[in-house]
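Presented below is the structure to which this report refers.
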Amino acid sequence: MDFNYDVIVVGAGHAGCEAACAAANLGSKTLLITMDMNKIAQMSCNPAVGGIAKGQIVREIDALGGYMGIVTDKTAIQFRMLNQSKGPAMWSPRAQSDRQKFSNLWRDIIENQENLEIWQDSVDRLIIEDGKVVGVHTNMHVEMRAKCVVLTNGTFLNGLMHIGKVQFAGGRISEPASYGLSDQLKEFGLRVGRMKTGTPVRIDARSIDFSLAEPHGGEEGFHKFSYLDFEPRPLKQLPCYMVYTNEKVHEILRDGLADSPLYNGQIQSIGPRYCPSIETKIVTFAEKTRHQLFLEPEGETTQEYYLNGFSSSLPLDVQLRALKEIPAFRNIRIYRPGYAIEYDFFDPTELNHSLETKKIGNLFFAGQINGTTGYEEAAGQGLMAGINAHLKSQGKDPFILGRDEAYIGVLIDDLVTKGVDEPYRMFTSRAEYRILLRQDDADMRLTEKGYQLGLATKERYDLLLEKKEHIEHLVEFAKEYSIKAQYINEGLEQLGTSPLKQGVKLFDLILRPQLNIANLAPLIPALQRELDKIPNRKEEIIEAAEILIKYSGYIDREKMIADKINRLENIRIKGKFDYSSIKALSTEARQKLSAIDPETIAQASRIPGISPSDINILLILLGR
C-alpha cells in the first residue's frame, strides 16, 4: 500500500466527509482517516439537518457540489421550511433524518468515491518539516505523507465527558478521545482553548404516552435541500411531538444543581449560548414556569427518540426523576442519559480565509476544532477546506467566498476575523446581505463557481442553466404583459384585493401581498400557458421567479450596498504595514491588526475594536 497522498483528512464527521469528497472529486489522491468506519458522518447530537441559517448553508454546500443536501433528502423522515410567515430571506429548510441511514449513505458515497481511500486509525501527531506539514503519524505507528492535511477532529481532542460527578475520557459516548495533536500544535504556537457541548437523554418510544404529547408533522411539498432533480423523502414520514416541563420538573432540577458539573466548578469551559442545557435554562430564565421540549424520532423504524431541549449533564437519577414529572414520561425508560463533553479547539483568527493555518503551512482546520457548533457549520468549512487543500497541493490560488456570496463566506470571515469566545452558531442576523443569501437562490449564486472549480457536475450546471432560463423568461413576461381591468377585476375581488382602475403590467399585480403567480394563473390564460411550458421543477421555478419580482427593490438596494463595500474588499493590505510602528493607531488596533494581519481593508474594519478612525489612518497611509 502506497501511503503517499495529495490530501489527508483526519476525522470522518460532517466536516471530514465533505472535505475528503471535495478534494477527491477535484482530482487529488485523498485519504480519510477515521477511528471507526461504522461511525462515518455520525449525527452525534440531534438527528436533524438544517434550521435557521443552517439550512441555507446546506443548500450552498449542495450548490457547490457537496453531498450533505443529497444525503439529507434521501434519508429524511420529516421536512419543513421554517419561517414561511416571514420574508424569503428568513426561510430556512430543516429535516429530521434517519440517523443510521444517513451514516450508511455517507459511507456508501465515500467508499465508492474515486481518488478516495479510508484508513481506520487515530492520528497522534503531525509530521512537520521546515514549518510545513508533510504527513501524519498514527497510533498504529504508520507514517503517511501528504502535500496537505485537513484536521476535522470534532469533539475528540482531549475529550472529557461528564454525567453528574462521573467523568470519563472520550470523544463521543463509548468512543475514545484523541491525544497528542493538541500538545504538538501548542508547541508550534497555536492558541488552544476548551469548549463544552452537551446532548440530551435518548428515550424508548414504547415508554412514552404520545396521547399526552402534541404532534408536529412535516410538509409534503416540493421543497428539499438538493437542487438536483430527484424525488425527495423516499422514507416513511414521521411526526415530532412537543411536551412541556413544569414547576415540579424545575424544582427537582434546581435541587440537583449542587451535583451539576456546570455549577459545581467541574466544567470550566464555555458552552453554546443558543443551545443551553436544561439546568442553564432554569437558572437563566428562573421566571419561566415551563419550557418546550421536542421529541424527535431517530429513524424510520427505531424506537429511539431524541429529547430536544433537555440537554443535560446532571446525575442520571436527577434526570430521570425530573423527566417522570412530565405526564407523557411517567413510565419513561431511557437508552442513555444526557451528558456534557469538553474538548480542545484552536483560535480561528490564526487561520487564513482558505482555512489554512498561518503558523504551519499546508495544514487546514475545519469544524469544531475552529470553535463552531453544528453539523452544517462543520460541513461548510469542510467543503471549503477540502477545496483549498486540493488547490494548495496543486500550487493554485485559494477559493474564497465573500460575505455577499454565501453564508459559508460569512461563517469563515467571522471566524478568522473576529474569533470566538463561545461555540459559534450561524444565524441569519450574522449576515448583512441576507436578502442576497436566500435559500432559494444558492444555486444561482454558487453552482457556476462550483462548476468552474470542477466540483459541480455538468448535470448540475445544465439544470442551473435550464432553471435560470425559465426564471428569466417568467420575470420578463411579467414585466411585458399588460392586464386590462375589465378582464380581471372580478377575480381580484375574490382574492381579497382591490380592483384595477386602469391597466397595469402583470409584474405590478404580483407585487401585491394577496397575489401570487399561482392564484393569478387561473385568471390570466396567457400566464397559465407560460407556466405550462416549464417541463420540470415547475414549483421551484415559479417560487424563485416570484421572489425576484416581489423583492426586486430590496434585492437591488442590497446589491448596491454590497458593491460599495466590495471596493474595500479589493484594497489589499496584508504584508504592507508594520502595525506596531504606526503610533497614530490606537493601542488595541495595533495589537489586533498585528495578531490577525487582515487581507483587506474591509476585513480590518470587521475586527472587533478597530474603529473607523483606525481604518481612515490606514487608507491615508495607502494614499487613498
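This chain uses plain numbering: 1 for the first residue, then up along the sequence. All of these numbers come straight from a predicted model, not from anything done at the bench.
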Would a distance-only check, ignoring hydrogens and angles, find a side-chain to backbone donor-acceptor pair under 3.5 Å from [X] to [Y]?
X	Y	answer
Lys281	Ser277	no
Glu405	Gly402	yes
Gln603	Glu599	yes
Asn115	Thr30	no
Gln167	Met161	no
Gln56	Tyr407	no
Glu356	Asn362	yes
Asp2	Asn4	yes

Determine whether [X] and [Y] make a side-chain contact, defined as any pair of heavy atoms from C-beta on separated by less than 4.5 Å.
X	Y	answer
His162	Ile341	no
Leu548	Arg438	yes
Asp121	Thr34	no

Stacked cation flag [X] on [Y], 6.0 angstrom / 45 deg:
X	Y	result
Arg59	Tyr227	yes
Lys29	Tyr5	yes
Arg430	Tyr424	yes

>> Looking at every heavy atom in both Ile555 and Leu436, which two are closest together, and how far apart are they?
In response: O-CD2, 3.7 Å
>> Please give me the minimum heavy-atom distance between Lys147 and Ser393, naming the atom from each residue.
In response: CD-O, 3.5 Å
> Between Glu129 and Arg145, does a salt bridge (charged side-chain N to carboxylate O under 4.0 Å, His left out) hold up when you go through it step by step?
Replying inline: CA-CA 11 Å; Glu129 297 173 359; Arg145 295 271 164 164; 3.0 Å; yes
> Mind checking whether Tyr554 and Tyr551 have parallel, tilted or perpendicular rings, split at 30° and 60°?
Replying inline: tilted
> With ring centroids as reference points, do Tyr343 and Phe156 lie under 6.0 angstrom apart?
Replying inline: no
> Charged N to carboxylate O under 4.0 angstrom, Arg606 versus Glu569?
Replying inline: yes
>> How about NZ on Lys468, more than 12 heavy atoms from neighbouring residues, nucleotides or ligands closer than 6.0 Å, or not?
In response: no
